[in-house]
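Quick notes on the structure that follows.
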Amino acid sequence: RSGKSYNFKRRTEAEVILAISGLSSPLNENCNNYAGLIFDDSKKYNLPDPLLLLSLMIQESSCKKDAYSDTSYGLMQINLLHCGKYGLDSSESTCKNTLINNPQKNIEVGAKILKASFNSSKNGRLFQGCLNRNVKYYNWEAALREYNGWGCNSALPNQDSFVEEVMKRFKELSSNVDTSLTSTAS
């Protein structure tokens, strides 16, 4: 899977807002507060398209700032193993509090982790998962896989399809924005 069929674009903040406005309720209300942060951090950390970061955030938390699961917290579901890195406090309780109560920091850390994941795995890596999928991911797909983890989470075997779900959402958001822009330009 090379991921080369994705039409990544350097979008404007208005395009991020347009993508969010097309989401169903309550998802659009949840995500709307974060459009500027998604745009800013995508640009700051040189992500290929802010809609990729938005798609990841929707997958991870449905844009709920107080979302949590096991040891992952906030909008981007940042795992506590990242405490002490990416500008997070090394104290687990302080780190957890920041991840839940500071959406700006949570999105920023998510963007940094995604970019670091891209840098370390862009040349490709084989993923087995729980279902022995034997899929080799490259580029931003590999970054998403690394963001979520390369192993098998037997409690959540559906995470094997994490990359495909995020990229499907990205394609839908991207297509909706591009269609809206084309129809308003005519």
Side-chain angles (χ1 to χ4, degrees), residues 1-69 72-79 86-87 98-118 137 139-148 156 158-159 161-186:
R1 297 182 54 95
S2 69
K4 292 183 182 183
S5 65
Y6 302 112
N7 191 16
F8 293 126
K9 295 181 179 177
R10 301 287 180 196
R11 297 182 186 276
T12 64
E13 186 173 348
E15 289 174 298
V16 176
I17 293 168
L18 181 60
I20 292 169
S21 71
L23 297 170
S24 61
S25 185
L27 197 54
N28 57 1
E29 291 93 356
N30 292 347
C31 298
N32 198 45
N33 296 325
Y34 310 114
L37 297 172
I38 292 164
F39 173 78
D40 291 345
D41 286 332
S42 292
K43 187 174 179 181
K44 183 176 183 180
Y45 297 105
N46 201 27
L47 302 182
D49 191 317
L51 298 184
L52 181 62
L53 192 60
L54 173 62
S55 299
L56 177 57
M57 186 167 74
I58 292 169
Q59 180 71 23
E60 290 288 24
S61 69
S62 298
C63 299
K64 295 176 185 167
K65 86 174 187 102
D66 57 353
Y68 67 91
S69 60
S72 299
Y73 294 89
L75 292 162
M76 302 300 295
Q77 287 295 280
I78 307 300
N79 193 290
Y86 303 107
T98 299
L99 291 172
I100 292 173
N101 295 308
N102 186 338
Q104 183 276 326
K105 187 66 168 178
N106 194 287
I107 294 169
E108 177 185 33
V109 170
K112 286 178 176 181
I113 293 169
L114 185 59
K115 182 63 177 193
S117 297
F118 174 78
Y137 290 112
N139 299 315
W140 290 101
E141 287 184 336
L144 289 168
R145 184 70 264 160
E146 185 165 312
Y147 188 99
N148 186 249
L156 297 166
N158 60 333
Q159 286 192 356
S161 60
F162 179 86
V163 172
E164 290 77 11
E165 290 171 20
V166 173
M167 294 314 298
K168 179 181 178 202
R169 182 168 290 109
F170 169 79
K171 283 182 172 180
E172 289 168 357
L173 290 171
S174 187
S175 175
N176 292 345
V177 168
D178 294 344
T179 301
S180 292
L181 292 174
T182 302
S183 65
T184 56
S186 344

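Heads up: numbering here begins at 1 and tracks the sequence.
- Note that the CG atom of Leu52 and the NZ atom of Lys171 stand 12.5 Å from one another [nearest 0.5 Å].
- Remark: the backbone N or O of Ala143 is not paired with any side-chain donor or acceptor of Glu146 at under 3.5 angstrom.
- Rounded to the nearest 0.5 Å, atoms CZ (Arg10) and CD (Glu15) are 12.5 Å apart.
- Under the rule for a ring-ring contact (aromatic ring centres under 6.0 Å, His included), Tyr68 has no partner lying at least two apart in sequence or in another chain.
- Considering only heavy atoms from C-beta on, Leu144 stays 4.5 Å or farther from Trp140 through its side chain.
- Listed for the Ser55 side chain is a donor-acceptor partner under 3.5 Å among the backbone atoms of Leu51.
- Counting all heavy atoms, side chain and backbone alike, Gly74 lies closest to Ser61 at O-CB, 3.7 Å.
- Contact record, Val163 with Tyr137: CG1-CE2, 3.7 Å, taken as the closest heavy-atom pair.
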In a table with atom names and distances, give each donor-acceptor pair under 3.5 Å that connects a side chain of residues 33-43 to protein atoms at least two apart or in another chain.
from: Asp41; atom 1: OD2; to: Glu108; atom 2: N; distance (Å): 3.2
from: Ser42; atom 1: OG; to: Ile38; atom 2: O; distance (Å): 2.8

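- Considering OH of Tyr45 and NZ of Lys115, their distance stands at 12.0 Å, rounded to 0.5 Å.
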Hey, mind stepping through Val109 and Met76 against side-chain contact (heavy atoms from CB on, under 4.5 Å) and telling me if it holds? CA-CA 8 Å; Val109 170; Met76 302 300 295; over 6 Å; no

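- Applying the salt bridge (charged side-chain N to carboxylate O under 4.0 Å, His left out) test to residues at least two apart or on different chains, the pairs with a partner in residues 45-65 are Arg11-Asp49.
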Using the side-chain contact (heavy atoms from CB on, under 4.5 Å) rule, take Asp178 and Lys9 through it: C-alpha gap first, then chi angles, then the decisive distance, then the call. CA-CA 10 Å; Asp178 294 344; Lys9 295 181 179 177; 3.2 Å; yes

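- We find the OH-CG distance between Tyr147 and Asn79 to be 10.0 Å, quoted to the nearest 0.5 Å.
- Put simply, the side chain of Asn106 gets close to the backbone of Leu99: a donor and an acceptor are under 3.5 Å apart.
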Listing, residues 23-31 side-chain donor-acceptor contacts under 3.5 Å, not counting sequence neighbours, or none:
from: Ser25; atom 1: OG; to: Glu29; atom 2: OE1; distance (Å): 3.0
from: Ser25; atom 1: OG; to: Glu29; atom 2: OE2; distance (Å): 3.1
from: Asn28; atom 1: ND2; to: Leu23; atom 2: O; distance (Å): 3.2
from: Asn30; atom 1: ND2; to: Ser62; atom 2: O; distance (Å): 3.3

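- Applying the ring-ring contact (aromatic ring centres under 6.0 Å, His included) rule to Tyr73 yields no partners; only residues at least two apart in sequence or on another chain are considered.
- Atom CG of Leu54 sits about 11.0 Å away from atom CG of Leu75, to the nearest 0.5 Å.
- Rounding to the nearest 0.5 angstrom, the gap separating the CD1 atom in Ile58 from the CD atom in Glu165 is 13.0 Å.
- Scanning for side chain to side chain contact (heavy atoms under 4.5 Å, CB included) contacts around Ser21 gives Leu18, with sequence neighbours left out.
- Judged by distance alone, the side chain of Ser161 and the main-chain N or O of Asn158 form a donor-acceptor pair under 3.5 Å.
- One N or O on the side chain of Asn102 and one on the backbone of Gln104 form a donor-acceptor pair closer than 3.5 Å.
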